[in-house]
Amino acid sequence: MDKKIKKAVIPAAGFGTRFLPITKAISKEMLPIVDIPTIQIIVEEAIEAGISEILIIVNEDKKDIINYFSCNKKFEKFLLDKGKDNLLVKLRESEKMCNITFTYQNEQKGLGHAILMAKDFVDGEDFAVLLGDDIVVNKDNGATKQLIDLYNKYNCTILGVQTVEAADVNKYGIISYSNFQGREYKVIGMVEKPNFEAAPSNVAILGRYILTNSIFAYLEKQKPGFGGEIQLTDSIFSLLEKESIYAYDFEGKRYDVGDRFGYFKAIIDFALTREDIGKEAKNYLRKINEEE
Ligand code: UTP
């Protein structure tokens, strides 16, 4: 079988309760980083890693994501009639990205359950997972590309990790490991959102995975875990009985856009690096700082 990673799954079916009230009407994955939706930045990372087919998992109330990646004929005609060709290019940017399809998770039973919805799309292959509300910035070597490089070395499940503050271990899946070399961890266990006292380390799984197809056998029989949800971490842990798993401390700055302060930091950092408004943004922040 061809073991190249060509497919990616982006789960984006969660309710986004941390971001109410906006998530009542707008998907958190559509929240703009200045003017680019979070999910577009994530799709671009997948494409840069060589992914050619993407499945986005949504729910019935998140049609804004589907609309964003579809053609908008009325808007196109309006811009064409006005001779606004430069804006037309922007409008079409999201449509030509790659082969993007959608499927529904009808009940929000957790991340593991969302991934299970991708079984037919994945169709026996190993695949990448990029969480729809996690942005990683690395201009030269995206996080997914880094994980695929390690997958190509070991041909097994690879978890994207970074160390987090002790106070934050209860927000993530945390790994235990037998060996750490370079940026690679040999994984021997993991636990979802442990208390600080019970955490085996402060090495957290942060929104990027390469999963072997065997994961589906475990997800199919996975019982609800932390928070009553079907946890992906629990099934990956079970997979350890059959396959090796490595984790990779990916290089790049990561933003949890599903968290208010994480989102705020992403906007500030992105604005500062933009060609169009970067200088103004910097001056503005300096001015606020001086006024304090
Ligand atoms: P989160 O853990 O951030 O959950 O999911 P959430 O429900 O969206 O947000 P909060 O915690 O209530 O604010 C991480 C990613 O997994 C997706 C989410 O859309 C998000 O991109 N997800 C989560 C699903 O697709 N389905 C689920 O049942 C849960």
Discussion item. Looking only at the side chains, is there a donor atom on one of H113 and E107 sitting less than 3.5 Å from an acceptor on the other?
Written reply: no

Discussion item. Quick check on ring pair (Phe, Tyr, Trp, His ring centres under 6.0 Å): which of F270, Y255, F19 does Y263 satisfy it with?
Written reply: F19

Item to complete: Kindly check if the number of other-residue, nucleotide or ligand heavy atoms within 6.0 Å of CD (E220) is above 12?
Response: yes

Discussion item. One pair to check against side-chain contact (heavy atoms from CB on, under 4.5 Å): I10 and I39. What are the steps and the verdict?
Written reply: CA-CA 9 Å; I10 304 181; I39 198 156; 4.1 Å; yes

Discussion item. Quick check for you: to the nearest 0.5 Å, what is the distance between I66 atom CD1 and Y68 atom OH?
Written reply: 15.0 Å

Discussion item. Determine whether a donor-acceptor pair (N or O, by modelled atom type, separation under 3.5 Å) exists between the side chain of Q146 and the backbone of N141.
Written reply: yes

Item to complete: Test side-chain contact (heavy atoms from CB on, under 4.5 Å) on E60 and Y104 and set out the steps.
Response: CA-CA 7 Å; E60 275 293 333; Y104 290 94; 4.1 Å; yes

Worksheet, complete the sentence: Value for CD1 (I158) from OH (Y248), rounded to nearest 0.5 Å, stands at 10.5 Å

Worksheet item: Are any side-chain N or O atoms of Q222 and backbone N or O atoms of G112, one a donor and one an acceptor, separated by less than 3.5 Å?
Response: no

Worksheet item: Under 4.0 Å between a Lys/Arg side-chain N and an Asp/Glu carboxylate O for K145 and D149?
Response: yes

Practice prompt. Kindly check if the number of other-residue, nucleotide or ligand heavy atoms within 6.0 Å of CG (D120) is above 12?
Written response: no

Worksheet item: How about E275: does its CD atom have over 12 heavy atoms from other parts shown lying under 6.0 Å from it?
Response: no

Item to complete: Go through the steps for V257 and D134 under the test side-chain contact (heavy atoms from CB on, under 4.5 Å), then give the verdict.
Response: CA-CA 6 Å; V257 178; D134 258 319; over 6 Å; no

Worksheet item: Does M190 share a hydrophobic cluster with L232, counting links as ILVMFWY side-chain heavy atoms below 4.5 Å and allowing steps through other members?
Response: yes

Response to the item:
Heavy-atom closest pair (Q108 atom, N106 atom, distance to 0.1 Å) is OE1-O, 4.0 Å

Discussion item. Please tell me whether D126 and Y151 have a donor and an acceptor in their side chains that are separated by less than 3.5 angstrom.
Written reply: yes

Worksheet item: Name the one of I188, I175, V191 that satisfies side-chain contact (heavy atoms from CB on, under 4.5 Å) with P200?
Response: V191

Worksheet item: F127 and L239: same hydrophobic cluster, using ILVMFWY side-chain contacts below 4.5 Å?
Response: yes

Worksheet item: Quick one: does T23's side chain have a donor or acceptor within less than 3.5 Å of a partner on G16's backbone?
Response: yes

Discussion item. Using salt bridge (Lys or Arg N to Asp or Glu O under 4.0 Å), reason through D35 and R274 one step at a time and then give a plain yes or no.
Written reply: CA-CA 11 Å; D35 52 3; R274 292 261 304 225; 2.6 Å; yes

Practice prompt. Give a yes or no on whether the backbone of D140 and the side-chain of N138 come within a donor-acceptor separation of less than 3.5 Å.
Written response: yes

When the side chains of residues 46-56 are checked against the rest of the protein, which donor-acceptor pairs come out under 3.5 Å, sequence neighbours left out?
none

Discussion item. Between S27 and D64, do the side chains contain a donor N or O and an acceptor N or O under 3.5 Å apart?
Written reply: yes

Item to complete: Identify whether the distance between the nearest side-chain nitrogen and carboxylate oxygen of R208 and E45 falls below 4.0 Å.
Response: yes

Worksheet item: Are V169 and F180 joined in one hydrophobic group, where the rule is that I, L, V, M, F, W and Y side chains link up if heavy atoms are under 4.5 Å apart?
Response: no

Fill in: Transitive ILVMFWY side-chain link L240 to L150, under 4.5 Å
no

Worksheet entry | More than 12 heavy atoms from other groups under 6.0 Å of CD on Q181 | no

Fill in: Rounded distance (nearest 0.5 Å) linking atom OG of S235 with atom CZ of F216
10.5 Å

Worksheet item: So which heavy atom on A167 is nearest to which on N170, and how close?
Response: O-OD1, 3.5 Å

Worksheet item: Hey, is D269 close enough to K253 for a salt bridge, meaning N to O under 4.0 Å?
Response: yes

Item to complete: Report yes or no: do Y154 and E184 form a side-chain donor-acceptor pair below 3.5 Å?
Response: yes

Practice prompt. Could you tell me whether a side-chain N or O of K282 sits under 3.5 Å from a main-chain N or O of L272, the two making a donor and an acceptor?
Written response: no

Worksheet entry | Six-ring centre of Y218, K221 cation under 6.0 angstrom, axis tolerance 45° | yes

Fill in: Any donor-acceptor pair under 3.5 Å from Q105 side chain to N59 backbone
no

Worksheet item: If Ile, Leu, Val, Met, Phe, Trp and Tyr residues are connected whenever their side-chain heavy atoms lie under 4.5 Å apart, and connections chain through other members, are L285 and I267 in the same group?
Response: no

Practice prompt. For the residue pair E29 and T38, confirm or rule out a side-chain donor-acceptor distance under 3.5 Å.
Written response: no

Worksheet item: Does a salt bridge link K28 with D259, judged by any charged N lying under 4.0 Å from a carboxylate O?
Response: no

Practice prompt. Starting at CE of M30, measure out to NZ of K63 and round the result to the nearest 0.5 Å.
Written response: 14.5 Å

Discussion item. Please evaluate residues D133 and R18 with respect to the criterion side-chain contact (heavy atoms from CB on, under 4.5 Å), reporting the C-alpha separation (whole Å), side-chain torsions for both, the decisive distance (0.1 Å), and the verdict.
Written reply: CA-CA 12 Å; D133 57 354; R18 284 172 294 159; 3.8 Å; yes

Worksheet item: Which value, rounded to the nearest 0.5 Å, describes the distance between E280 atom CD and I277 atom CD1?
Response: 7.5 Å

Worksheet item: If you measure from CG on N213 to NZ on K7, what distance do you get to the nearest 0.5 Å?
Response: 9.0 Å

Discussion item. Is the positively charged end of K186 above the ring of Y246, judged by distance under 6.0 angstrom from the centroid and angle within 45° of the axis?
Written reply: yes

Worksheet item: So does F75 have more than 12 non-hydrogen atoms from other groups sitting under 6.0 Å from CZ?
Response: no

